[in-house]
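Structure first, commentary second.
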Amino acid sequence: MADERDADGLAGRADETGQLLVRSGIEIGRTLQAMQSAGDTLSAELASEEHLFITRLLQIDAQNGTMSIGWSESKEANALILEMQSVAFRANHEGLHFRFIADHPREASFGSRSVIQLSLPRAMLAVQRRALPRYTVPPAIPLRCEIILGPMSFDALVVDVSLGGIGAIVYDPSIRLDPGMTIPRAKILLPPHAPVLAALEVRHIQTVTDADGTVIKRAGCRFIAPSAGIEALVRLFVAAVEAAPV
């Protein structure tokens, strides 16, 4: 029966679109428990694109129908979450991209620490990340990423992109990025549209030599906190690709 399968079995049961809607409370609880054990990053969709809410699961209480999460580093984002009736979350786990809604965020205690507690989601949408289309960025389309790391900031070119994450960025080899590094504030820019704030995780790094002998760094990244703004930007980018001359 579906209720007796663990979260890792979801990948084999997505339909031909690469999507699976999970409604079993037992399976939702197990999936969330697996995310918690793996330390997966959870992001929330906010009405404001100026702030990011990034956190991790701390406790899944199936008996009381609640889950507890940590506060984000942004006080403004925390305040926005507590004002919401329902919160749309996203997470990547075991090759799947998950989306779900949890209701009634409120401040609570978990042991000796303050947390945000919400009702467990009633459904989860799981999407195979390989089912999300990925696009190569043509040279004629100036898709850039402005990266801020503490006191340092630099520009990188985005060379391919998907809703599952920025496929790759290229940047100056004098800048050091390491696999596993989190970039909490990156601005994705597609002129003339407004920039969109995102958080990225660096997955792997390569040193590449261009045909003219120029050495560059290439980092494979993924979105930690994709948002409605990112989706809208990717749609604008796809439209620009389709309209660009061959």
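Residue Ile101 belongs to no hydrophobic cluster, having no ILVMFWY side-chain heavy atom closer than 4.5 Å to its own. Hydrophobic cluster membership of Phe110, counting Ile, Leu, Val, Met, Phe, Trp and Tyr whose side-chain heavy atoms lie under 4.5 Å apart directly or via other members: Leu58, Val115.
Listed by chain and residue number, Thr31, Leu32, Asp40, Leu57, Ala91, His93, Phe98, Met124 satisfy the side-chain contact (heavy atoms from CB on, under 4.5 Å) test with Met35 (two or more places apart in sequence, or in another chain). Checked against side-chain hydrogen bond (donor to acceptor under 3.5 Å, both in side chains), Asp103 has the following partners two or more places apart in sequence or in another chain: Ser86, Arg122. Legend: residues meeting side-chain hydrogen bond (donor to acceptor under 3.5 Å, both in side chains) with Glu73, ordered by chain and number and at least two apart, are absent. Qualifying side-chain hydrogen bond (donor to acceptor under 3.5 Å, both in side chains) partners for Arg113, counting only residues two or more places apart in sequence or in other chains: none. Partners of Ser109 by side-chain hydrogen bond (donor to acceptor under 3.5 Å, both in side chains), not counting sequence neighbours: none found. Annotation: side-chain contact (heavy atoms from CB on, under 4.5 Å) contacts of His204 (sequence neighbours excluded): none.
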What donor-acceptor contacts under 3.5 angstrom involve side-chain atoms of residues 175-187, with partners at least two apart or in another chain?
| unit_1 | atom_1 | unit_2 | atom_2 | d |
| --- | --- | --- | --- | --- |
| Arg176 | NE | Asp178 | OD1 | 3.1 |
| Arg176 | NE | Asp178 | OD2 | 3.2 |

Output a table of donor-acceptor pairs, distance under 3.5 Å, between side-chain atoms of residues 60-72 and any protein atom two or more places apart or on a different chain; print 'none' if there are none.
| unit_1 | atom_1 | unit_2 | atom_2 | d |
| --- | --- | --- | --- | --- |
| Asp61 | OD1 | Gln63 | N | 3.2 |
| Asp61 | OD1 | Asn64 | N | 3.1 |
| Asp61 | OD2 | Asn64 | ND2 | 2.7 |
| Trp71 | NE1 | Ser114 | O | 3.0 |
| Trp71 | NE1 | Ser114 | OG | 3.1 |
| Ser72 | OG | Ser74 | N | 3.2 |
| Ser72 | OG | Ser74 | O | 3.2 |
| Ser72 | OG | Asn78 | OD1 | 3.0 |

Please table the atom pairs, donor to acceptor, closer than 3.5 Å between any side-chain atom in residues 146-155 and protein atoms at least two apart or in another chain.
| unit_1 | atom_1 | unit_2 | atom_2 | d |
| --- | --- | --- | --- | --- |
| Asp155 | OD2 | Arg144 | NH1 | 2.5 |

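Both Val202 and Val158 are part of a single hydrophobic cluster, where members link through side-chain heavy atoms under 4.5 Å apart. Two different hydrophobic clusters hold Leu189 and Leu143 under the rule that ILVMFWY side chains link at heavy-atom gaps under 4.5 Å.
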Run the side chain to side chain contact (heavy atoms under 4.5 Å, CB included) check on Thr41 and Arg56 step by step: do they pass?
CA-CA 5 Å; Thr41 301; Arg56 285 184 170 83; 3.5 Å; yes
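A side chain to side chain contact (heavy atoms under 4.5 Å, CB included) with Phe100 is found for one member of Val87, Ile28, Leu42, Val22 and no other, namely Leu42.
Legend: salt bridge (charged side-chain N to carboxylate O under 4.0 Å, His left out) pairs involving residues 166-175, not counting sequence neighbours: none detected.
Side-chain atoms of Val159 and Arg218, non-hydrogen and from C-beta on, do get closer than 4.5 Å to each other. Within the 4.5 Å cutoff, the side chain of Glu94 has no heavy atoms near those of the Leu96 side chain. Proximity of Leu125 to Leu20: side-chain heavy atoms (C-beta onward) are nowhere separated by under 4.5 Å. Residues Leu46 and Ile81 are in side-chain contact: their nearest non-hydrogen atoms beyond the backbone lie under 4.5 Å apart.
Phe89 and Ala102 get closest at one heavy-atom pair: CE1-CB, 4.0 Å. Nearest heavy atoms, Arg222 versus Arg203: CZ-NH1, 3.6 Å. When all heavy atoms of Ala219 and Ile205 are compared, the pair lying nearest together is CB-CD1, 3.6 Å.
In terms of modelled atom types and a separation under 3.5 Å, the side chain of Arg106 and the main chain of His104 share a donor-acceptor contact.
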